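Atoms considered below: every heavy atom in the structure, side chains included; atoms not considered: hydrogens, waters and symmetry mates. Just so it is clear, the model here is predicted, and its values are computed rather than measured.
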Amino acid sequence: MGIKMRGSMAVIQSLLAEHVDTIFGYPGGAIMPIYDDLLQHEDKIHHILVRHEQGAAHATQAYSQVSGKVGVCFGTSGPGATNLITGIANAQIDSVPMVVITAQVPSPLIGTDAFQETDVVGLTMPITKWNVQITDAEDIPEAIAKAFYIAVSGRPGVVVIDITKDALLNQLEFEYEKAPKIRSYFPYPAINMQSIDAAAELINKSKKPLVLLGHGVLIGKAENLFREFVEKAEIPVASTLLGLSAFPSSHKLFVGMLGMHGNYAPNIKTNEADVIIAIGMRFDDRVTGRIADYARQAKIIHIEIDKSEINKNIEVNVAVHADVKTALTALLPKIQANAHSSWLNEFKELEAIEIEKVIKKECTPESGKIRQGEVVHLLSEKTKGHAILVTDVGQNQMMGARYFKFENPNSLITSGGLGTMGFGLPAAMGVSVVVKDRPVIAFLGDGGIQMTIQELGTIMQENLAVKIVVVNNNFLGMVRQWQDMFMSKRYAATHMVTPDFIKIAEGYNIKGRKVEKREELSAAIDEMFATEGSFLLEVMVEKEGNVFPMITPGASVSEIVLE
């Protein structure tokens, strides 16, 4: 026999059984019983009161990514739940485990358009790994146990549990049993050794191999195995946006980032490689460019845990349907030690062209306005690549990804598949809750920060140490760049008059400084890092600076332009 308690307490006890110690959320009418019972356990679970539910979802995602735990957030019914939607979709497409608990109107009122009623299950079904509505208190423990198992197993994702208010208030006999498995759900496929043998044969015979490093390497905690694999076969490594930091930027085999604003060499060489080994990535359209001309000359090996991603966008020659760590463990002994020095030199030759035509002008300009790239370059140098960089979305994201040199895993937290403006500030907040021994830098544009700027209040209340860098060009920079390149400089609705960010920061007891001159930038960054707690550094940058190289829409990866 279990202990008798109401459903809301069962939620708390279930979370304690899953070793949850941090929750991001915002209270409201329907979810109030959970908050009432949470008050009795505030010594075990720290609740972080955000200023908007979207901030809770983004903070939870980032918390999950850097802590290795399943992140948890709360939202009440109606607008509380709908405000979480963007963050749920963001975490799901980027394969981050989260359990989102929302409250719902009492079950007799469902379907009556009651006050603050929305169909949470219907709304979130397309953007979650699993969701469920609970109308009976007895079902709460089992649902939460399943939620944690589903969220973290296989390809991770988001689970939403919507609980009616009467289920929260009614009594149950509480017993909790973790879910070691679920009937008809097989998250870890059995590896097919024939596919491993076929992959090894292609790799061993290859003269021009190229590894495409994806987020799955980080998710699968396979960074060490991955490094051993590429070093043994001496294969150049190109990374997707979300794969960055799984492999050190300084490593001699690292050749840069793939994709629309990636590096020149890996994009060009994609269409020259004879074997491509894609590991834990999904061939997103930003990586492939025009699919009809993507790597037609190459034999493609795809290591991927989600079978639906294999042959979805790109037809492959060898499919290894497996967890990355399992696949690399099986593959490594079959790989022959090799050297590809002449092939690697071809990447270096193209890298030299990009350095001369793009990188020097962006990172070490001799005159003109401050460039976004030089800000990132300085941040990277001053932290020796050991900070955690959290970006928003837009030009700041691409500049951060291109010019920060990552030396530790999970050092880039960004919105990949959904491309969510407003992600950066609350995500940095979520990182800062966990990480205390490394700088946490929020690298934001003047547009993105204003979407979730209210989370400065959460940072203040929680006394977090987030180093906020706002690169301000008074534009929605990435949209303006497209208008510049493809719409004859017709800047429709992209010029932005921005507020006094330093005064706003001061209102939240956060110190700040504004920089407009290059000769002040280095000292200002030093001041930011020397200041205890949070700091907001606003840097006025070139208004019409563009991010290059670029694969223009509809172009092939080999048609990447440098200017």
Side-chain angles (χ1 to χ4, degrees), residues 58-59 61-68 215 218 223 239 241-251 254 256-257 362-363 370-393 395-416 423-445 448-449 455-456 459 462-471 505 510-513 515 521-539 541:
H58 292 328
Q61 173 180 338
Y63 171 91
S64 176
Q65 287 181 263
V66 295
S67 70
H215 193 202
L218 288 164
E223 301 93 340
S239 179
L241 174 65
L242 292 182
L244 290 172
S245 82
F247 192 69
S249 300
S250 59
H251 197 285
F254 185 69
M257 183 172 72
E362 187 63 43
C363 291
I370 299 171
R371 310 283 300 187
Q372 292 189 47
E374 71 179 299
V375 181
V376 179
H377 178 67
L378 274 171
L379 291 169
S380 183
E381 282 200 331
K382 288 177 181 292
T383 60
K384 296 180 171 59
H386 292 294
I388 294 183
L389 185 72
V390 187
T391 80
D392 210 88
V393 166
Q395 288 185 324
N396 64 89
Q397 179 186 41
M398 292 296 100
M399 291 295 190
R402 282 181 53 80
Y403 298 119
F404 199 90
K405 303 304 179 186
F406 302 99
E407 296 304 320
N408 303 298
N410 280 320
S411 293
L412 175 65
I413 305 297
T414 194
S415 171
F423 174 83
L425 187 62
M429 180 175 75
V431 172
S432 190
V433 168
V434 181
V435 177
K436 305 297 181 184
D437 59 346
R438 295 165 61 192
V440 177
I441 304 170
F443 191 68
L444 318 173
I449 187 176
E455 296 308 333
L456 291 173
I459 290 170
E462 293 294 322
N463 195 29
L464 300 173
V466 182
K467 307 306 181 185
I468 305 159
V469 180
V470 180
V471 281
I510 295 172
K511 293 179 180 178
R513 180 171 171 179
V515 171
L521 180 58
S522 180
I525 292 174
D526 290 340
E527 180 186 349
M528 176 179 72
F529 286 128
T531 301
E532 188 176 347
S534 291
F535 191 98
L536 192 150
L537 175 63
E538 179 185 8
V539 184
V541 296

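Annotation: salt bridge (Lys or Arg N to Asp or Glu O under 4.0 Å) contacts of Glu527 (sequence neighbours excluded): Arg513. Taking Ser411 as the reference, Arg438 meet the side-chain hydrogen bond (donor to acceptor under 3.5 Å, both in side chains) condition, with sequence neighbours excluded. In this view, His251 and Phe247 satisfy the ring-ring contact (aromatic ring centres under 6.0 Å, His included) rule, not counting sequence neighbours. Take Glu407 and apply the salt bridge (Lys or Arg N to Asp or Glu O under 4.0 Å) test, not counting sequence neighbours, and it matches no residue. With sequence neighbours excluded, the residues forming a salt bridge (Lys or Arg N to Asp or Glu O under 4.0 Å) with Glu374 are Arg518, listed by chain and number. Residues forming a salt bridge (Lys or Arg N to Asp or Glu O under 4.0 Å) with Lys382 (at least two apart in sequence, or on another chain): Asp526.
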**Message:** Using the rule given for side-chain contact (heavy atoms from CB on, under 4.5 Å), can you reason through Gln397 versus Leu241, listing the C-alpha separation, both sets of side-chain angles and the distance that settles it, and then say yes or no?
**Reply:** CA-CA 10 Å; Gln397 179 186 41; Leu241 174 65; 3.6 Å; yes
**Request:** Before giving the answer on ring-ring contact (aromatic ring centres under 6.0 Å, His included), spell out for Tyr403 and His377 the whole-Å C-alpha distance, their side-chain angles and the decisive distance to 0.1 Å.
**Result:** CA-CA 6 Å; Tyr403 298 119; His377 178 67; 8.0 Å; no
**Item:** side-chain contact (heavy atoms from CB on, under 4.5 Å) between Leu464 and Met429, worked out
**Value:** CA-CA 7 Å; Leu464 300 173; Met429 180 175 75; 3.5 Å; yes
**Request:** Show your working on side-chain contact (heavy atoms from CB on, under 4.5 Å) between Tyr63 and Ile413 and close with a plain yes or no.
**Result:** CA-CA 10 Å; Tyr63 171 91; Ile413 305 297; over 6 Å; no
**Message:** If you apply the rule side-chain contact (heavy atoms from CB on, under 4.5 Å), what do you find for Leu425 with Asp392, and how did you get there?
**Reply:** CA-CA 7 Å; Leu425 187 62; Asp392 210 88; 5.9 Å; no
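The two residues Gly424 and Val390 make their nearest non-hydrogen contact at O-CG1, 3.5 Å. Pro409 approaches Glu223 most closely through the heavy-atom pair CB-OE2, 3.6 Å. Scanning all heavy atoms of the two residues, the minimum distance from Gly445 to Asn396 falls at N-ND2, 3.4 Å. Nearest heavy atom pair, residue Ala427 against residue Ala62, reads O-CB, 3.1 Å.
A distance of 10.5 Å separates CZ in Phe535 from CD1 in Ile525, rounded to the nearest 0.5 Å. Distance check, rounded to the nearest 0.5 Å: CG of Leu244 to NZ of Lys405 gives 10.0 Å. Annotation: the span from Leu456 atom CG to Ile510 atom CD1 amounts to 4.5 Å, rounded to 0.5 Å. Atoms OG1 and NZ, on Thr531 and Lys511 in that order, are 6.0 Å from each other to the nearest 0.5 Å. Distance check: Phe406 CZ to Leu389 CG gives 5.0 Å after rounding to the nearest 0.5 Å. Rounded to the nearest 0.5 Å, atoms CE (Met257) and CE (Met398) are 5.0 Å apart.
More than 12 heavy atoms of other residues, nucleotides or ligands sit less than 6.0 Å from atom NZ of Lys436.
For the pairing with Met528, the side chain to side chain contact (heavy atoms under 4.5 Å, CB included) check across Leu536, Leu537, Ile468 returns one residue only, Leu537.
A donor-acceptor pair under 3.5 Å is formed between the side chain of Ser534 and the backbone N or O of Val466. Between the side chain of Ser380 and the main chain of Val376, no donor-acceptor pair closer than 3.5 Å is present.
Proximity of Gln372 to Arg402: side-chain heavy atoms (C-beta onward) are nowhere separated by under 4.5 Å. Looking only at side-chain heavy atoms (C-beta outward), Phe404 and Leu412 stay at 4.5 Å or farther from each other. Within the 4.5 Å cutoff, the side chain of Asn410 has no heavy atoms near those of the Ile388 side chain.
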